[in-house]
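In what follows, a structure is listed as structure tokens, so that the remarks can point back to it.
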Amino acid sequence: MTAHDLMIKTDHYLIKGGKLSKEQRAETVSFLLAARDIPAVRFTDVPISDKRRMYPLFYIPPQNAGKKLKTILGQTPKTQILSANMYELEILRILHLLAPDNREVTDMIKDTHKRLKATCFGYMDDGVGECFDASLVVLRFITATAQDETEWIRSRIDNYNRHCKDRERPWYPLWYYWLCLSELPRETADSEILRHRDEMRRQYTVKRAPHPICPYILQNILVKYPQYF
């Protein structure tokens, strides 16, 4: 099993409401920490002029004949902007959830926050190409790891709303955004859930979901917001 495989498997399990035992949590953390790429220089030691880091610092996707790693919704990215950042941020998110007090994890999270704040998709108004999708991955990551940074979280929500209708898009961004909404604090997500209520209701009655994990996303929203369904 690769780090990507374990990340997908663990993420799906947690979305479905699964609970990891103490032993499973320890094994998952140990495996993922062992899979990282240790940088020669810590990000905090890099000159400010070199800090526009668009790609991962700690988890570099394996170069497998140019293939891009799929997202948790099965999307095959066209660019490394999405594929590589998805790989690192989803792994770091799981590490944070399972080992929030681990010093190695907290150091990586801090450096990654600084990296993302220097990127277009992580901190700025950006709806171009797959930077739009990558911005949603950032939203999910900081929802878990930077809950106090409400303005940053809000900026990624606003980025989605500004650009979601710029052009015709596949189903992935919408459902990934709904996944983010299912995990956001109620005070932040409430108005967005209401905005998407009718489409969520429609999708709830569709017999065949676009991905097996999609019904669980809606179920998690329904549990938190029964008044809207």
Side-chain angles (χ1 to χ4, degrees), residues 1-16 18 20 24 27-39 43 52-99 104-105 108-109 111-113 115-116 118-122 126-145 156 159-160 169-180 182-183 209-214 216-217:
M1 180 181 292
T2 66
H4 178 257
D5 294 333
L6 181 59
M7 177 269 286
I8 296 289
K9 181 179 179 180
T10 303
D11 209 346
H12 285 179
Y13 182 70
L14 295 176
I15 292 171
K16 292 178 181 179
L20 296 176
Q24 287 174 318
E27 289 175 1
T28 300
V29 170
S30 178
F31 186 99
L32 292 178
L33 286 178
R36 64 188 163 161
D37 301 272
I38 306 297
F43 188 59
R52 193 171 183 273
R53 294 293 300 270
M54 301 289 282
Y55 297 97
L57 297 170
F58 304 103
Y59 288 91
I60 314 301
Q63 299 302 310
N64 186 9
K67 292 182 179 179
K68 309 295 190 300
L69 296 175
K70 291 186 177 182
T71 69
I72 62 172
L73 293 181
Q75 178 181 5
T76 301
K78 297 178 181 179
T79 65
Q80 286 293 355
I81 285 287
L82 176 56
S83 181
N85 282 285
M86 175 278 304
Y87 178 68
E88 176 166 81
L89 298 185
E90 295 285 18
I91 288 176
L92 288 176
R93 177 183 172 277
I94 287 176
L95 283 171
H96 172 80
L97 293 177
L98 301 185
E104 294 173 276
V105 173
M108 288 191 290
I109 296 291
D111 278 359
T112 300
H113 285 166
R115 175 178 79 84
L116 293 174
T119 64
C120 51
F121 62 84
D126 192 348
V128 178
E130 288 190 334
C131 282
F132 175 77
D133 303 73
S135 178
L136 290 176
V137 179
V138 173
L139 172 59
R140 188 178 189 218
F141 173 69
I142 62 177
T143 294
T145 65
R156 296 308 86 205
N159 192 75
Y160 174 83
R169 299 184 186 277
W171 61 268
Y172 303 106
L174 175 62
W175 280 92
Y176 196 92
Y177 184 57
W178 287 356
L179 174 60
C180 292
S182 74
E183 297 167 348
H211 187 278
I213 207 66
C214 291
Y216 293 94
I217 294 173

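Any value given below was found using the heavy atoms of this structure, including those in side chains, with hydrogens, waters and symmetry copies removed.
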Problem - Short N-O contact, K78 and E130, less than 4.0 angstrom - result: no
Are [X] and [Y] packed together at the side-chain level, in the sense that at least one heavy-atom pair is separated by less than 4.5 angstrom?
X	Y	value
L136	P173	yes
R169	L174	no
W171	H211	yes
N159	L139	no
L20	L97	no

Nearest 0.5 Å, please: how far is [atom2] in [Y] from [atom1] in [X]?
X	Y	atom1	atom2	value
Y177	F132	OH	CZ	9.5 Å
L95	L33	CG	CG	5.0 Å
Y160	C180	OH	SG	10.0 Å
L69	M7	CG	CE	7.5 Å
Y176	M86	OH	CE	8.5 Å

Completion exercise
S30 meets the side chain to side chain contact (heavy atoms under 4.5 Å, CB included) criterion, sequence neighbours left out, with none
Handout entry: Results of side-chain hydrogen bond (donor to acceptor under 3.5 Å, both in side chains) for R156 - residues two or more places apart only
Key = S135
